[in-house]
Amino acid sequence: MDNNDNALRQTVERIRTAAADATPLCIRGGGTKDFYGEAPQGEVLDMRPLAGITSYEPSELVVTVRAGTPLAELETALAEKGQCLPFEPPCFASGGTVGGMVAAGLSGPARASVGSVRDYVLGATLVNGRGELLTFGGQVMKNVAGYDVSRVLAGSLGTLGVIAEVSLKVLPVPPAEATLEFACSQADALRLLNEWGGRPLPLNASCWFEYAGAGALYLRLRGAVAAVEAACEHLGGERKDNARAAADWQSLRDQQLPWFATGEGSDALWRVSVPQTAPVLSIDGAAPLIEWHGGQRWYKAPPSQAARIREIARAAGGHATLFRLPGSGMHEGVPRFDALSAPVERIQRALMREFDPHGIFNRGRLLPAN
């Protein structure tokens with residue numbers, strides 16, 4: 001029995017003991033996303049011992065990885081073969097794991113053009129709340145048995161079970177890339193993005209924010225060399241140095257840009273998800289940072305403004321998440337996630353009861369405990 005077999009056996013035994021005692025468990029990899037969702041509760045179940053790439057077929061564009069594998073290790077292995085995770089999962093800090101990437105379901109700058117984490121999950125092995133090892137999906141796109149079950153793990157924040165292993169679709173790194181900068185207001189940026197979205201352009205990512213009172217839109221193009229060059233000539237703007245731009249996009253992905261810096265003030269970081277065609281939203285405070293061609297907008301505002309921010313988001317056809325709290329404290333009485341509709345919440349709770357009947361996994365992290 002190798003170390004991973006032993007780690008999996010110990011994980012299953014720990015879960016069975018917790019289920020018998022009704023002991024809540026906090027599933028954790030690198031802990032880089034502990035800030036996301038409601039406060040973690042329960043005894044820590046460390047997934048890092050369950051690590052390693054178990055299968056990688058570059059010609060098939062599929063990789064199978066154990067949940068505790070560092071995300072950086074996986075991305076390095078893919079880069080050596082000229083491949084990548086196109087959805088650019090954010091790391092936020094060093095030590096993030098593949099299991100945490102799937103459980104959080106967060107995607108980076110390219111998400112609006114290439115899809116989300118969920119779109120690249122082909123299959124998964126899960127330990128449920130009874131300590132049973134379940135396998136869903138497979139390692140090829142045509143194997144759809146259990147496909148939706150493995151995908152629903154993305155964004156579940158560990159409330160459905162412990163991800164032991166996951167199979168992911170990967171893609172080749174595009175042959176060409178360019179970043180263009182345009183000086184413009186928020187309203188003009190949204191208008192341009194909507195206009196460009198209707199054209200056959202190799203759009204990959206976008207970002208608008210204000211610096212020193214001036215607004216700037218950054219547009220990343222990826223694809224065939226001829227398509228990228230033609231788009232650059234057609235769109236205009238100021239073409240940025242590729243190496244410098246790549247570092248900036250990486251900083252955006254991991255929220256390391258100066259715009260995201262928070263001190264000890266009262267402002268929290270809000271993520272407002274709306275249709276890309278939504279107009280400028282009148283939320284008090286500094287101008288937002290806008291990604292995903294207008295679909296994801298980051299605001300800084302106190303948690304006390306939750307009701308107003310969520311009302312504005314709903315009116316625009318979206319929702320708002322209290323993504324990061326100011327400082328290191330918690331803010332009582334303000335839910336991190338917007339309320340689900342009654343039918344959707346019933347379905348979510350039914351799934352949680354089916355997979356985790358004793359309610360031991362990441363209790364209260366996604367939905368209020370009841």
Side-chain angles (χ1 to χ4, degrees), residues 29-30 32-33 51-124 139-141 150-151 154-155 165-179 201-207 218-225 227-228 231 240-257 291-293 296:
T32 59
K33 301 174 185 67
I53 298 173
T54 57
S55 174
Y56 179 27
E57 297 292 340
S59 62
E60 299 295 330
L61 301 177
V62 173
V63 63
T64 300
V65 197
R66 296 186 181 97
T69 306
L71 181 56
E73 179 181 320
L74 172 60
E75 293 194 306
T76 297
L78 296 177
E80 289 173 354
K81 299 295 184 180
Q83 297 180 346
C84 66
L85 299 172
F87 51 88
E88 299 181 300
C91 299
F92 302 117
S94 62
T97 62
V98 172
M101 171 194 80
V102 175
L106 300 174
S107 303
R111 186 259 182 266
S113 297
V114 306
S116 66
V117 181
R118 179 177 289 107
D119 300 311
Y120 292 83
V121 175
L122 297 177
Q139 295 182 335
V140 292
M141 290 297 290
S150 57
R151 281 178 149 197
E165 190 174 78
V166 62
S167 293
L168 301 164
K169 178 185 177 182
V170 299
L171 290 180
V173 174
E177 176 178 315
T179 296
L201 297 168
L203 304 181
N204 177 261
S206 59
C207 176
Y218 297 87
L219 188 70
R220 186 172 67 189
L221 308 168
R222 279 182 175 172
V225 175
V228 169
K240 312 302 289 185
D241 174 75
N242 267 5
R244 174 84 177 268
D248 288 342
W249 288 110
Q250 180 70 39
S251 295
L252 172 64
R253 165 184 168 175
D254 294 336
Q255 295 190 350
Q256 300 300 316
L257 286 178
E291 295 186 83
W292 299 3
H293 312 329
Q296 178 166 262

Any sub-3.5 Å donor-acceptor pair from [X]'s side-chain atoms to [Y]'s backbone N or O?
| X | Y | result |
| --- | --- | --- |
| S206 | H293 | yes |
| T97 | G68 | no |
| Q83 | L61 | no |
| T69 | G52 | yes |
| R151 | R118 | yes |
| R253 | P89 | yes |
| D254 | C91 | yes |

Quick check: do [X] and [Y] have side-chain heavy atoms less than 4.5 Å from each other?
| X | Y | result |
| --- | --- | --- |
| Y120 | K169 | yes |
| E177 | V228 | no |
| D119 | F87 | no |
| L78 | Y56 | yes |
| V114 | L171 | no |
| R111 | S116 | yes |
| L221 | L203 | yes |
| Y218 | D248 | no |

Might you point out which heavy atoms bring [X] and [Y] nearest each other, and give the distance in Å?
| X | Y | answer |
| --- | --- | --- |
| C207 | L252 | CB-CD2, 3.9 Å |
| V117 | A154 | CG1-CB, 4.5 Å |
| A231 | L201 | CB-CD2, 4.1 Å |
| P172 | C84 | O-SG, 4.3 Å |

(request) Step by step, work out the side-chain contact (heavy atoms from CB on, under 4.5 Å) result for V121 and L168. (result) CA-CA 5 Å; V121 175; L168 301 164; 4.0 Å; yes

(request) Output, in order, the C-alpha distance, side-chain angles, deciding distance and verdict of side-chain contact (heavy atoms from CB on, under 4.5 Å) for L85 and V170. (result) CA-CA 5 Å; L85 299 172; V170 299; 4.0 Å; yes

(message) What verdict does the side-chain contact (heavy atoms from CB on, under 4.5 Å) test give for T54 and R66, after you've listed the backbone C-alpha separation in whole Å, the side-chain angles of each residue and the deciding distance to 0.1 Å?
(response) CA-CA 7 Å; T54 57; R66 296 186 181 97; 3.1 Å; yes

(message) As an exercise, state the distance from CD of E73 to CD1 of I53, rounded to the nearest 0.5 Å.
(response)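 Interatomic distance, E73 CD to I53 CD1, rounded to 0.5 Å: 5.5 Å.
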
